[in-house]
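As a basis for the values below, the full set of heavy atoms in this structure was taken, side chains included, without hydrogen atoms, waters or symmetry mates.
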Number of protein chains: 2
Amino acid sequence: MTDRTRITIKDVALAAGCGVATASRVLNKSGPASAETRARVEDAARRMGFVFSATGRALQSRKSMTVGCLIPSLANPVFAEAVQGAQEELRSHGYQLLVASSNYDDETDNDILTTLLSKDVDGLLVTMAAPQESVPLAQARARDIPVCLMFHDPLPDWPSAHVSNAQAAAEVARQFALYGHERTGFLALRFSTSDRSRNRFDGFRAQCAALNLAPPKLIEITETEANTPSILAQRLSNHPDLTAIFASNDFLAIAVQKAAPLMGRHVPQDLSVVGFDGIEVGRLLDRSLATIETTPEAMGRQAAQTLLTGLQGGAMTELAPLPFTFRAGATLSGPRAKSPDDDRGAAQSPSVPPFTSNDKQG
Amino acid sequence: MTDRTRITIKDVALAAGCGVATASRVLNKSGPASAETRARVEDAARRMGFVFSATGRALQSRKSMTVGCLIPSLANPVFAEAVQGAQEELRSHGYQLLVASSNYDDETDNDILTTLLSKDVDGLLVTMAAPQESVPLAQARARDIPVCLMFHDPLPDWPSAHVSNAQAAAEVARQFALYGHERTGFLALRFSTSDRSRNRFDGFRAQCAALNLAPPKLIEITETEANTPSILAQRLSNHPDLTAIFASNDFLAIAVQKAAPLMGRHVPQDLSVVGFDGIEVGRLLDRSLATIETTPEAMGRQAAQTLLTGLQGGAMTELAPLPFTFRAGATLSGPRAKSPDDDRGAAQSPSVPPFTSNDKQG
DNA sequence: TTGTACGCGTTATCAA
DNA sequence: TTGATAACGCGTACAA
C-alpha cells in the first residue's frame with residue numbers, strides 16, 4: 001500500500017501530471033499556476049501526505065532554518081529555562097533548535113560547536129567556558145553566522161543576553177554591609193573556567209572594598225566537595241572568621257545550608273548565606289534562600305530575539321543587561337557577634353528596601 | 001582574506017590538485033589514495049578549515065544523523081533531565097538532538113512532529129498528549145523512522161521508556177492504607193490530555209478498592225488554580241472529609257502544602273500529601289515531600305539506547321519499566337482522627353519498609 | 001501558464 | 001590509484 005520511501009515533489013508532480021517546477025510553485029505559492037493545475041497538485045500532495053524535505057531545501061537555499069544551542073547542562077534549571085524561552089521564540093519564527101550540552105567541559109564545548117557548524121546552522125546561541133578562545137566560534141563569525149551568547153557578561157566581540165554579574169554581586173556586598181557583616185567569603189565552583197563566576201567575584205570584591213569590608217575570601221571547591229556536605233563543612237571550617245558567604249549559585253548556597261550544622265554553625269545566626277540565580281526552589285526551602293533573582297527564560301527569549309534580527313541581516317548590537325532583584329530570605333541576618341542581643345537569629349530587615357536593578361536603569 | 005562563503009570539498013580538491021572523489025575518499029578514509037595525494041588533501045583541508053556539510057551528506061546518504069525530540073516543556077526539570085540524558089547518549093553515537101516543546105498543547109504536538117519529520121530526522125523521542133491519534137506519528141512509522149516514547153505507559157504500537165504509572169500509584173494507595181487513611185483524593189492537572197495522569201489515577205483507584213479504601217475523589221484543576229494557593233485552598237476545601245491527597249506530580253504536591261494552611265489544615269496532621277516524580281527539591285523542603293521517586297535522566301538514556309538499536313536496524317521491543325522508589329517524607333502521617341493521641345503530627349513509620357519496584361521485578 | 005535544466009555539497013559507481 | 005559523473009530533493013532561471 002504505502003511506499004516505504006520518501007515522497008518527493010517529483011512524485012507529486014507525476015501524480016498531478018505536471019512538471020516539478022509547477023508543483024513547487026503551487027505548493028510554495030511562489031508563482032503562477034492555473035486554478036485547475038493548482039487543484040490537481042494540492043490534491044495529489046494531500047493524498048500522498050507530501051512534506052517538503054528541509055534537507056533538500058536547505059541545500060538549495062543555503063538556509064537550514066535551524067539554530068544551534070550550546071549550554072553546559074539541561075540538568076540545571078537555569079539553563080533549561082533559557083533554552084525553553086529561546087526555543088519558543090525561535091519556533092514562532094520558523095526556526096528549530098539543535099541543542100547540545102557540554103557538561104561544563106571546555107573541549108566538548110568546541111567539539112559541539114564544530115558539529116553544529118557542520119550541520120549548517122543559521123545561527124548560534126552559546127554559553128560556554130571560553131568564548132574568546134574558541135576557534136569554531138571564530139569560524140562562525142568568519143562564515144557570517146550570527147552568534148548570541150547567554151549568561152556571559154558582554155565580551156568585546158560578542159553580544160550577550162545577560163544580567164550584570166558584577167552589579168548583582170555588588171548588591172550582595174551592599175546587603176552584607178547593611179546587615180553588619182565585615183568578613184565575607186565567596187564560594188565558587190569551576191572558578192577558573194567560568195567567567196560568570198569570576199565576574200561575580202570581581203564585582204563583589206570591588207564593592208566590599210568600596211564599603212570598607214575586608215577583602216572577601218575566595219573559596220574554590222570541586223563538584224564532589226559541593227555534593228558532600230561533610231567535606232564542604234570541612235572546607236568551610238577553615239574559615240571560622242567569616243560571618244557571611246556569597247555562593248556563586250543557588251545550589252551551592254543550599255549546600256552551605258546543609259553543611260553548616262555539621263560544623264556546628266547555624267544559618268543565619270552564625271553564618272549568613274546568599275545565592276545567585278533565584279531558582280524557584282529557593283523560595284520553598286525551610287529557610288527561604290536570600291539570593292539574586294534572575295529571569296533565565298527571558299534571557300533565552302532576548303538572546304533569540306537578537307539572533308533573529310541578526311538572521312534577518314540586521315546589526316546585532318550589545319544588549320542591555322536584564323534586570324535582577326535581590327530577594328530577601330531567611331538565610332541572611334546580622335552576625336551574632338555584632339548584635340549580641342539578637343540571639344534568636346531571626347532575619348532583621350535593614351532600613352532600606354530590597355534592591356532591584358530596574359530602579360537604576362531601564 | 002577569508003572567503004565569506006562556505007568551503008566545500010570542491011575547494012579542497014582544487015587546492016590539492018585532485019578530483020573531488022579523491023578528496024572525499026581521503027577525508028573519509030573510505031578508499032585508496034597514494035600517500036602523497038593523501039598528504040596534499042589533508043594539508044589543504046586543514047589549511048582552509050574545511051568541515052563537511054552535514055546537509056549535503058544527509059541528502060546523499062539519506063541519513064541526517066539527527067534525532068527529533070518532542071516534550072511538553074523544558075521548564076519542568078523532569079523533562080529537562082530526560083532530554084539531558086538522551087542527548088548525552090545520542091551524542092556519543094554521533095547523533096544530534098533537535099528539541100522542541102509543545103507547552104502541553106495537543107495541536108502544537110502535531111505541528112512540531114510534522115516539522116521534525118520534514119527535517120528528515122532519523123529517529124524520534126516523544127512525550128505528547130495523544131500519541132495514538134497522532135497523524136504525523138503514524139507517518140513516521142510509515143516512513144520506517146524509529147520512534148521511542150518517554151514517560152508514557154507502553155502503548156500497543158509504541159515502545160516507551162517509562163515507570164509503571166499504575167504500579168507506582170498503587171504503592172501510594174498502599175502507603176495511605178498503612179498509615180490508616182481511608183478517604184483519599186487524587187489531584188490532577190490536565191487530566192483529560194495526560195495518559196500518565198490517568199494511568200496514575202487508575203492504578204491508585206484500583207489499589208484503593210483492593211484495600212477496601214473508599215474510591216478516591218478525582219480533583220481536576222487548571223494551571224491557574226494550581227498556581228494560586230488561595231484558589232487551590234478553596235477547591236480543596238470542597239472535600240473536607242479527605243485525609244490524604246495524592247498529587248499527580250511534585251509541584252502540585254508542593255502547591256497543596258502551601259494551600260493547606262489557608263484552609264486551616266496542617267500537613268501532615270490534618271492532611272497527608274504524596275507527590276510523583278521525586279524532584280530534587282522535595283528533599284530540601286521544610287517538610288520533606290513524600291513522593292514516588294523516578295529517574296528521568298535514566299529514562300531519557302534508556303529511550304535513546306532503544307532508539308539507537310532501532311537506528312541500527314534492530315528491533316525495538318517493549319521496554320521493561322524503570323524502577324521507582326517510594327520516598328518517605330514529612331508530608332505523610334496517620335490521619336488525626338484515626339490516631340487521636342498523635343497530636344504532634346510527626347510521621348510515624350508503618351511496620352513495613354518503603355517499597356521499591358526493584359524488589360518485585362528486575 | 002508551464003516545463004526543462006542546473007546547481008546546492010556530498011558520496012557511490014564505474015571506467016580509466 | 002584516480003577522476004568524471006550521477007543522484008539525493010529542492011528552488012529558480014530561462015525558454016517555450
Side-chain angles (χ1 to χ4, degrees), chain A residues 3-42 44-45 48-66 94 115 117-122 143, chain B residues 3-42 44-45 48-66 94 115 117-122 143:
Chain A
D3 207 24
R4 61 186 44 238
T5 177
R6 182 182 245 298
I7 290 155
T8 78
I9 202 170
K10 210 179 288 184
D11 302 319
V12 175
L14 194 64
C18 69
V20 288
T22 306
S24 172
R25 278 185 298 249
V26 169
L27 265 10
N28 288 307
K29 307 185 202 312
S30 63
S34 73
E36 197 220 352
T37 45
R38 183 177 304 277
R40 283 212 316 278
V41 169
E42 281 171 348
M48 311 172 74
F50 169 77
V51 220
F52 281 106
S53 159
T55 307
R57 246 184 192 171
L59 195 57
Q60 200 288 135
S61 68
R62 304 156 136 305
K63 252 114 191 56
S64 66
M65 296 307 281
T66 295
T115 306
L117 247 26
S118 87
K119 289 268 180 180
D120 296 318
V121 293
D122 293 336
R143 278 173 49 186
Chain B
D3 206 24
R4 61 186 43 238
T5 178
R6 182 181 245 298
I7 290 155
T8 78
I9 201 170
K10 212 178 285 184
D11 302 319
V12 175
L14 194 65
C18 70
V20 288
T22 306
S24 173
R25 276 187 301 251
V26 169
L27 265 11
N28 287 307
K29 306 184 203 312
S30 63
S34 71
E36 196 219 354
T37 45
R38 184 177 303 279
R40 283 210 318 278
V41 169
E42 281 170 349
M48 311 174 73
F50 169 78
V51 220
F52 280 109
S53 160
T55 307
R57 253 187 186 168
L59 193 56
Q60 201 293 134
S61 68
R62 303 151 139 302
K63 254 113 191 55
S64 66
M65 296 307 282
T66 296
T115 306
L117 247 26
S118 89
K119 289 269 180 181
D120 297 318
V121 294
D122 293 336
R143 277 173 50 186

*Mind checking the CE-OG1 spacing from B:Met48 to B:Thr8? Nearest 0.5 Å is all I need.*
8.0 Å
*For B:Thr22, which contact category applies under a 4.0 Å heavy-atom criterion: base, sugar-phosphate, or nothing?*
base
*asked:* Please report the interatomic distance CZ(B:Phe52) to CG(A:Leu117), rounded to the nearest 0.5 Å.
replied: 15.0 Å
*Under 4.0 Å between a side-chain N/O of B:Ser24 and OP1 or OP2 of C:dT11, yes or no?*
yes
*asked:* Students often get this wrong, so: under 4.0 angstrom with heavy atoms, is B:Ser61 touching a base, only sugar-phosphate, or nothing?
replied: nothing
*With rounding to the nearest 0.5 Å, note down the distance linking CZ in B:Arg38 to SG in B:Cys18.*
11.5 Å
*Find the distance A:Asn28:CG to D:dG9:C1' and express it as a whole number of Å.*
12 Å
*Verify whether one side chain among A:Arg40 and A:Thr37 offers a donor that lies under 3.5 Å from an acceptor in the other.*
no
*Indicate, with a heavy-atom threshold strictly under 4.0 Å, whether B:Thr55 touches base, sugar-phosphate, or nothing.*
nothing
*Starting at atom CE of B:Met65, determine the distance to atom C1' of C:dT11, rounded to an integer number of angstrom.*
15 Å
*CZ of B:Phe50 versus C1' of C:dT11: gap in Å, rounded?*
12 Å
*From D:dT5, C:dG9, C:dT4, pick the nucleotide closest to the side chain of A:Val20?*
C:dT4
*asked:* Taking any heavy-atom pair under 4.0 Å as a contact, classify B:Gly19: base, sugar-phosphate, or nothing.
replied: sugar-phosphate
_Nucleotide nearest B:Ser53 when distance is taken to its side chain, options C:dT10, D:dC10, C:dT2_ = C:dT10
_Without decimals, in angstroms, what is the distance between A:Arg6 CZ and D:dA7 C1'?_
16 Å
*asked:* Determine whether A:Thr115 and B:Met65 satisfy the following criterion, side chain to side chain contact (heavy atoms under 4.5 Å, CB included), listing intermediate values before the conclusion.
replied: CA-CA 11 Å; A:Thr115 306; B:Met65 296 307 282; over 6 Å; no
*So, is B:Arg62 close to the D:dG9 phosphate, meaning a side-chain N or O under 4.0 Å from OP1 or OP2?*
yes
*Look at B:Lys10 and C:dT10 and indicate whether a side-chain polar atom (N or O) is within less than 4.0 Å of OP1 or OP2.*
no
*Identify whether any heavy atom of A:Ala21 sits under 4.0 Å from a base atom; if not, whether one sits that close to sugar-phosphate; answer base, sugar-phosphate or nothing.*
base
*asked:* Tell me whether the side-chain N/O atoms of A:Arg38 come closer than 4.0 Å to OP1 or OP2 in C:dT1.
replied: no
_Atom-pair distance (CG on B:Leu27; C1' on C:dT11), nearest Å_ = 12 Å
_Along DNA chain D (nearest heavy atom to each residue), the more 5'-positioned of B:Gln60 and B:Arg40_ = B:Arg40
*asked:* Can you give me the closest heavy-atom contact between A:Ser53 and B:Asp120, atom names plus distance?
replied: OG-OD2, 2.8 Å
*Atom-pair distance (CZ on A:Phe52; C1' on D:dG11), nearest Å*: 9 Å
*In whole angstroms, how far is the C1' atom of D:dC8 from the CZ atom of B:Arg143?*
14 Å
*asked:* Quick check: any donor-acceptor pair below 3.5 Å linking the side-chain of B:Arg25 to the base of D:dG3?
replied: yes
*asked:* Any base atoms under 4.0 Å from B:Thr37, or only sugar-phosphate, or nothing? Heavy atoms, all strands.
replied: sugar-phosphate
*Could you tell me the separation between the CD1 atom of A:Ile9 and the C1' atom of D:dG11, rounded to a whole number of Å?*
8 Å
*OP1 or OP2 of C:dT11 sitting under 4.0 Å from any side-chain N/O of B:Arg57?*
yes
